[in-house]
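Beneath this line is the structure, given in structure tokens, with notes to follow.
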Amino acid sequence: MVILGIILLIIGFVANIAILWTIGIILVVVGAVLWLLGSLGHAVFGRRHYW
């Protein structure tokens, strides 16, 4: 999810498309939070690990 967000950020920046930039930021933030929770050992959406 983080990698997809970074790709959308780059495409949105290069193509000057604001909606891709916004979606990319949201995906990076959500992916980072899920990654952090998964690495701390908390169950995320009923799963012990989130990759």
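Interatomic distance, CG of Leu20 versus CD1 of Ile25, reported as 11.5 Å (0.5 Å rounding).
Side-chain contact check for Leu8 versus Leu27: some heavy-atom pair is nearer than 4.5 Å.
With sequence neighbours left out, Ile19 forms a side-chain contact (heavy atoms from CB on, under 4.5 Å) with Ile17, Ile23.
When all heavy atoms of Val28 and Val2 are compared, the closest pair comes out as CG2-O, 3.9 Å.
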